[in-house]
Number of protein chains: 2
Amino acid sequence: MPDDRDMLDERSIKVLWAVIHSYINNPDPVGSRYVTRKYAFDFSPATIRNIMADLEDMGFLSQPHTSAGRIPTDKGYRFYVENLMEEMDEKVSSHEELIDSLTRRLEDLREDIYTLLDETTRTLSTHSHYLGIAVSPGPDGSTLRRIELIPYSDDRIAVILFTNEGIIKHKILKNSFAFSRNDLNKIARYLNREFSGYTIKEIRQCLFDEMARDKALCDSLISKALSLCGDVVACYGSNVFISGLSEILELPEFSDVEKVKELSRTIEDKHAVIKLIDSLANEEGVQVIIGAENTIEEMKALSIITSTYKEGDKPAGVVGIIGPTRMDYSSAISLVDVTARFLTKILDEGGRQWRRER
Amino acid sequence: MPDDRDMLDERSIKVLWAVIHSYINNPDPVGSRYVTRKYAFDFSPATIRNIMADLEDMGFLSQPHTSAGRIPTDKGYRFYVENLMEEMDEKVSSHEELIDSLTRRLEDLREDIYTLLDETTRTLSTHSHYLGIAVSPGPDGSTLRRIELIPYSDDRIAVILFTNEGIIKHKILKNSFAFSRNDLNKIARYLNREFSGYTIKEIRQCLFDEMARDKALCDSLISKALSLCGDVVACYGSNVFISGLSEILELPEFSDVEKVKELSRTIEDKHAVIKLIDSLANEEGVQVIIGAENTIEEMKALSIITSTYKEGDKPAGVVGIIGPTRMDYSSAISLVDVTARFLTKILDEGGRQWRRER
DNA sequence: GTTAGCACTCCCCGCCTTAGAGTGCTAATA
DNA sequence: TATTAGCACTCTAAGGCGGGGAGTGCTAAC
């Protein structure tokens, strides 16, 4: 693919930027006259029209109908995000207000990452006026810090799993054997020695190998320990948090109820969302997916900005913003970036001393 | 207030029922001609018109405009729910399908009530096509089964709280003292002896009294135990689960985006919802709130059906359905009823042996 | 007490018109 | 040769108009 940048002269770029900038602020097709006026071009509308026609030929702009102004295409936004945004937009504020409000709201939640992520999406959505989204660390983002076994009733024990990321998972297991408290302590000690410091995914793999290698080899307590542990790590998965529906409904693109239905169906399907987001989980830095670049059919009219937050230097989970393709990319991107860094910092403060050397 | 029932003769009641029945199935104003045809009355439309005019005078029906048919008022629905529903509607199915799907989906979740309630709302909404709602037990609905203290890092301990209702709450406390594992065990034993079997609310009250009575009296370990416990019970609250937005958006009453916005704002405000639902938490059996009977401004166009599920014989939390006033009350009520009973049964199976005699 | 008949009301829908915004093309201009 | 003014053309959004239809309330007859 040739570099689009080369196809465009300075003037075309300015016009493209103007159209996008205008359209982001106000979803009316942008006319040539408006561009000359508002953006103080030294050309007449007629010239701008010619340029716009060229931009349309190249696929950066489109017309809803003949004799309407132009609106950006996904390709147009893409070009904007990659080439124009940083150099042409006046710098957005340093997001002090966001950091403030994150700090204030999340202060007491450091140790409970689910509530923390939930609050994060709320903050993201009120600041961006789009949907805020967060995904908690999955099996390969979570590192086991510690596992505890607690007798719960005559035939049940509670398994509690602490991770470095602040996730605390619990599961009650119906066990047919009656373990003594002493047995449980032994098993827990064994499991902690063996597995703490590894990711859930690694533990899964390890358990799998162990089982496969030789069942007879393990003494019975160890094999029971492994099976307890297996039950819990087996159902370990990511959680999704999404909020800000009432924010995003204020946008004119959602004045059509059909659109709203589509959106609500999409965000109620957590599985699809997890799948989508997980595919971005290992990318460095802020990811931008614009409109039809998206793989989910119902989201082809939306854009997604995400970034991973980390625990140590390992990607843990994802935060982001979902909005219309006509999104304020510039500020959304920096919002997401700042938020991800903030979460990384919080995790860092909690968990450093526990990281296992490898 | 005089009993409305006395004001209406047999014939008026039949007409009222017909209007409501028809309107529930199809939100078009109901005309006199339609009633005679569809509901096989032995009278002419003119007679029905007279009756309808009377019903309107009495406040059971209203007209969107002159020369439109009638639609039920909140008072009309109230009369329907209280007097007509059971005797006149053909019995709804015994909800075997619902029980089936509840059983299937909730089988593995008995011990984790949050996931269980969340899934319950999903099931409720797919079966009713309205919003499913569930509220987890609050401080006076939860009975402490057991408390565990676990060292978490050098300066933090994890407090884990098990309740009879299957709630597992955890909180990481930064403690300035370094407790030994032994100390923690002692403290936990003390707390369990003292508090298990009591509701969180009672424990709160008790802690409060204890503190007030005499601080000096307690030896230092006990006072620390109480303060640990206090930190955790202090932040114990209900959780709300709501789902089915995409279901309810299919209804014609939500073809107006303003209505949708209002709805989404309402259900995002968990606090208001909890407050509303909590006020019903101690009522026996199924509660029905119709339209403007509601105290929340934004919900005056909606009806709410709720019932409490119990742990033993003590009300624990609330499940319900939120829909338009034009709701299929008959089936909604039995759905909610069945669901609440189901949850009660599940809780019963898990927790009986732990109830403290008083 | 019930009903047929009838005039009346009001909404909904399709149709038309108009105003306005914006385009593309062409010919004139610097 | 690049730019621009002028102009005819296109398309939408909004408002006005009129007929059809559904339903009512009233009156007088049964």
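Source: prediction; values computed, not measured. All chains are named by letter (A, B, ...) in the order of the sequence lines, taking the proteins before the strands, and each is independently numbered beginning at 1.
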Measure the distance from CZ on B:R37 to C1' on D:dG23 and round it to the nearest whole Å.
-> 13 Å
Is the closest side-chain donor-acceptor distance between B:N50 and B:T47 under 3.5 Å?
-> no
Euclidean distance, atom CD1 of residue A:I71 to atom P of D:dT12 [Å, nearest integer] | 13 Å
Per-nucleotide pairing state of DNA chain C [Watson-Crick or G-U, under 3.5 Å; [ ] pseudoknot-crossing; | other strand] | ||||||||||||||||||||||||||||||
Per-nucleotide protein contact string for nucleotides 16-30 of chain C, where B marks a base within reach and S marks sugar-phosphate only (heavy atoms under 4.0 Å, - for neither) | ------BBB------
Minimum-distance pair of heavy atoms, taken over all atoms of B:V30 and B:V19 = CG2-O, 3.7 Å
Taking only side-chain nitrogens and oxygens of B:T47, does any of them come within less than 4.0 Å of OP1 or OP2 of C:dT2?
-> no
Verify whether one side chain among A:T121 and A:S243 offers a donor that lies under 3.5 Å from an acceptor in the other.
-> yes
Establish, from distance only, whether the side-chain atoms of B:S125 and B:E247 form a donor-acceptor pair under 3.5 Å.
-> no
Using atom NE2 of A:H65 as one end and atom C1' of D:dT12 as the other, report the distance to the nearest whole Å.
-> 6 Å
B:R265 and A:E250 ion-paired at < 4.0 Å = yes
Starting from C1' on C:dG1, measure out to CZ on B:R11 and report it in whole angstrom.
-> 8 Å
Sugar-phosphate, base or nothing in reach of B:D42, heavy atoms under 4.0 Å | sugar-phosphate
Using only heavy-atom distances, determine whether the side chains of B:R49 and B:S32 contain a donor-acceptor pair under 3.5 Å.
-> yes
B:I51 CD1 - C:dT2 P separation (whole Å) = 8 Å
Carboxylate-amine/guanidinium proximity below 4.0 Å for B:E56 and B:R70 = yes
Do B:S334 and B:D337 get their side chains close enough for a donor-acceptor pair, meaning under 3.5 Å?
-> no
